[in-house]
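Comments concern the structure below.
Chain identifiers are assigned alphabetically (A, B, ...) following the order of the sequence lines, protein sequences preceding nucleic acid strands; residue numbering begins at 1 within each chain.
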Number of protein chains: 2
Amino acid sequence: MVRVRLQDVAARAGVSVKTVSNVVNGYRHVAPDTRARVQLVLDEMGYRPNLAARNLRAGRTGVIALALPDLDNPYFAELTGSVVRAAEKHGLTVLVDQTEGLRDRELEVVEGFRNHLIDGLVMSPMALRAKDLTGRAAVDIPVVLLGEKFGAGAVDHVAIDNVAAAEAATAHLVALGRTRIAVVGDQPGSRRRSGVAHLRRQGWERALTAAGLDVDERLVAPVPAFDRQHGAAAVAALLDDGARPDALFCFNDTLAIGALRLLADRGIDVPGDVAVIGIDDVAEGRFAVPTLSTVAPDKAGIARTAVAMLAERLDPASEQRPPRDVRAGFELVARESTLGRSASAVSAVRAAAAVPPPRGTAR
Amino acid sequence: MVRVRLQDVAARAGVSVKTVSNVVNGYRHVAPDTRARVQLVLDEMGYRPNLAARNLRAGRTGVIALALPDLDNPYFAELTGSVVRAAEKHGLTVLVDQTEGLRDRELEVVEGFRNHLIDGLVMSPMALRAKDLTGRAAVDIPVVLLGEKFGAGAVDHVAIDNVAAAEAATAHLVALGRTRIAVVGDQPGSRRRSGVAHLRRQGWERALTAAGLDVDERLVAPVPAFDRQHGAAAVAALLDDGARPDALFCFNDTLAIGALRLLADRGIDVPGDVAVIGIDDVAEGRFAVPTLSTVAPDKAGIARTAVAMLAERLDPASEQRPPRDVRAGFELVARESTLGRSASAVSAVRAAAAVPPPRGTAR
DNA sequence: ATGAAAGCGCTAACAG
DNA sequence: CTGTTAGCGCTTTCAT
């Protein structure tokens, strides 16, 4: 409970503050015996550096923020776990901000209300616009964007190729002979070209077109949010409207889980009557009944890359390069919800190459 | 961007640093016109306080740490979301530490390696021992323990009554006429009396005894960890050993999800052949097929209480009371995995009252 | 190899 | 009502 300062240790050890500091920080030029003596006192007194002071001095805190909509979404929860692990390897700690996908809260984060408390920001934006990142109040720390992208190359960005991922998912359904492939998760309200929903829809259309299938608007189920509840509701609405899909491409796994649940309620066989596929490869899908086919983004890779890019920008020694746009890898994982019980073995059908993370990692 | 200090603003506004500080902090005694003028300059220059400096000065940071095993576990992910939300209301930010349930990492956290960077700690321990909290290197900031408890009343503690919750789950199965009720999640290796697994097993035994049923060791499935994978594996082992349970009480929902998956693989009907119940009420269970019966702890309440207790100890104005032991509420939620399709409506069968935060040590 | 002193940006005395 | 000053605990010149 007692606070022990460098000064206190110095007094007791009969040396100067500087020497103690040197020992604490493992500086070279300290006489072995001095070092030993100081270390002893250090241990005896249970010295702990005051990070606030150290930060003030150093101008950096060793803390980065991770801003995302919601930890209740398993994809973000899993991603957070990966980011925390990756950050740790760079000697960084992660502070979590939940924005609920609200523009105001995302703005708050970007405008740096955590000023000088964090060195950098990893953010998964939902409602932000390009101009928000360039306003005068905008953030003065390095930022890495996850998922959505906007403002052509203003800041670093890591994501899978959403169009390609959606195309792969749809093509998988096509390959299984499905012809009335509905999408669950459209968000017509968001006009932004870069919005995840928009991109995934684009991939769907592309795959249909490539297969010579029509893009039928009646097979498009919009949702207000990417969660289980709205996945179920959207599919219910789709069916109630008389659509007769033989497959559902859900824009993420959580929507797909909701879809599976609703189909079970209605006694519709998966994949017999309707095949289902999602995107994200959350652990939940691997244990769902039936197990969920999905497009698996390289979450750990995304996290590692994002943190490494941030760490590089935090390193004053590294020259500042222009913002990068890194494409993470993904692979199609076909499970029971498209292949049926017979092929319950996980089968990796396709992989996309990832742009490797930037050079250099920390200690 | 440019760093703007109080000093810079003061110079430009033609006032002293103190006055600017007063304006920033909304002090009363500032002449309206002075305030207006300073505010203008503040906005013009885009001043942002340096929190590191403020923290050094104030001796507190407004950041608390949440240490838990793993965000991949949906229970902890959901809990984290609640803690972040609760903390926000107290003006606190949350920094996440993943301990992986490892004693070394838990120790590190408790020994305050984040010294002076966090004001308090909320921790869900797995491997810590009582003495770890009292060692000389131990933490010098307020701590609130979640879930497991040890070291009789050394620090604040919030949890449901694990024995009662397990008893309620088991009693529910008994009430449905099940007689060969297995448990999934025993951890015989952990001898600690307070371990969650130990307590839940105790509740199971108590309910069996109350119902006049035997405690059959062959119906006890141990697991190395509380996740889906080990839930499935444990049930597989149980069945392969020739046990013939007609119900499974899983020590948490994640184990139960794994169990459901394995039962589906083996073509065993739930709840026809085997009823299944868990504890935690994770969102995943509400959409599982079949939906998972569970004991729902008041997660939001736990988070709010934990943060409130921490906030109180952080407030220098509040007198220090002895460590409290708060019991959070829970309720049994019966769904399809015990009631079958017919009763798919969620039915709250029982609720336990939460001991409110006030003073007075619970037992 | 070690010490003395300055100062990171802020707020809390204490003056005026 | 506003200005001056003294640190919070640490690292870092600059001396020695």
Side-chain angles (χ1 to χ4, degrees), chain A residues 2-39 41-42 45-62 112-119 140-141 316, chain B residues 1-39 41-42 45-62 112-119 140-141 316-317:
Chain A
V2 277
R3 54 166 203 195
V4 180
R5 295 161 306 164
L6 235 34
Q7 211 177 53
D8 303 321
V9 178
R12 183 101 98 90
V15 297
S16 80
V17 178
K18 164 69 168 143
T19 302
V20 183
S21 172
N22 282 342
V23 172
V24 170
N25 295 302
Y27 269 15
R28 298 162 286 265
H29 302 297
V30 182
D33 56 335
T34 311
R35 175 185 298 281
R37 186 158 38 92
V38 171
Q39 188 60 57
V41 178
L42 237 22
M45 304 185 74
Y47 172 79
R48 307 270 161 183
N50 180 330
L51 298 195
R54 188 177 274 180
N55 294 341
L56 173 59
R57 188 66 244 239
R60 38 170 291 151
T61 66
F113 78 119
R114 294 255 186 275
N115 237 278
H116 297 273
L117 220 161
I118 57 175
D119 295 338
D140 54 353
I141 54 173
Chain B
M1 298 280 182
V2 277
R3 56 164 202 198
V4 180
R5 296 162 305 164
L6 235 33
Q7 211 177 54
D8 303 321
V9 177
R12 182 100 99 89
V15 295
S16 80
V17 180
K18 168 65 170 148
T19 302
V20 183
S21 171
N22 283 341
V23 172
V24 170
N25 295 300
Y27 269 15
R28 297 162 288 265
H29 302 298
V30 182
D33 56 334
T34 310
R35 174 185 300 279
R37 185 159 38 92
V38 171
Q39 188 59 57
V41 178
L42 238 22
M45 304 185 74
Y47 171 79
R48 306 270 161 184
N50 180 330
L51 298 196
R54 190 178 273 180
N55 294 342
L56 174 57
R57 188 67 247 245
R60 36 171 290 149
T61 67
F113 79 120
R114 294 256 185 274
N115 237 279
H116 297 273
L117 220 162
I118 57 175
D119 295 338
D140 54 354
I141 55 173

If I take atom CG from residue L56(B) and atom CG from residue L51(B), how far apart are they, to the nearest 0.5 angstrom? 12.5 Å
Nearest-0.5 Å distance, CG of residue L42(A) to CG of residue L6(A): 8.0 Å
Answer whether the closest heavy-atom distance between the side chains of R35(A) and V38(A) falls below 4.5 Å. no
Any Y47(B) side-chain heavy atom under 4.5 Å of V41(B) side chain: no
Take atom [atom1] of [X] and atom [atom2] of [N], then tell me their distance rounded to the nearest Å.
X: R54(B); N: dG7(D); atom1: CZ; atom2: C1'; value: 17 Å
X: L42(B); N: dC10(C); atom1: CG; atom2: P; value: 10 Å
X: L51(A); N: dC8(D); atom1: CG; atom2: P; value: 18 Å
X: N50(B); N: dT11(C); atom1: CG; atom2: C1'; value: 13 Å
X: R57(B); N: dA6(D); atom1: CZ; atom2: P; value: 13 Å
X: R5(B); N: dT11(C); atom1: CZ; atom2: C1'; value: 16 Å
X: L6(A); N: dG3(C); atom1: CG; atom2: C1'; value: 13 Å
X: L117(A); N: dC8(C); atom1: CG; atom2: P; value: 20 Å

V15(A) has a side chain; which of dT11(C), dG3(D), dG3(C) sits nearest to it? dG3(C)
Of all the choices, dG9(D), dT2(D), dT2(C), which nucleotide is nearest to the side chain of A31(A) once you look at every atom? dT2(C)
Contacting residues from residues 18-26 of chain B, given that a heavy atom lies under 4.0 angstrom of DNA chain D: K18(B), T19(B)
Taking only the side-chain nitrogens and oxygens of T34(B), find out if one of them lies under 4.0 Å from OP1 or OP2 of dT2(D). yes
Under 4.0 Å between a side-chain N or O of Y27(A) and OP1 or OP2 of dT12(D)? yes
Results of side chain to side chain donor-acceptor pair (under 3.5 Å) for R57(B) - residues two or more places apart only: none
Minimum heavy-atom separation for V30(B) to N22(B), with atom names? CG2-CB, 3.8 Å
Can you see which heavy atom on D119(A) is nearest to which on G62(A), and at what distance? OD2-N, 2.6 Å
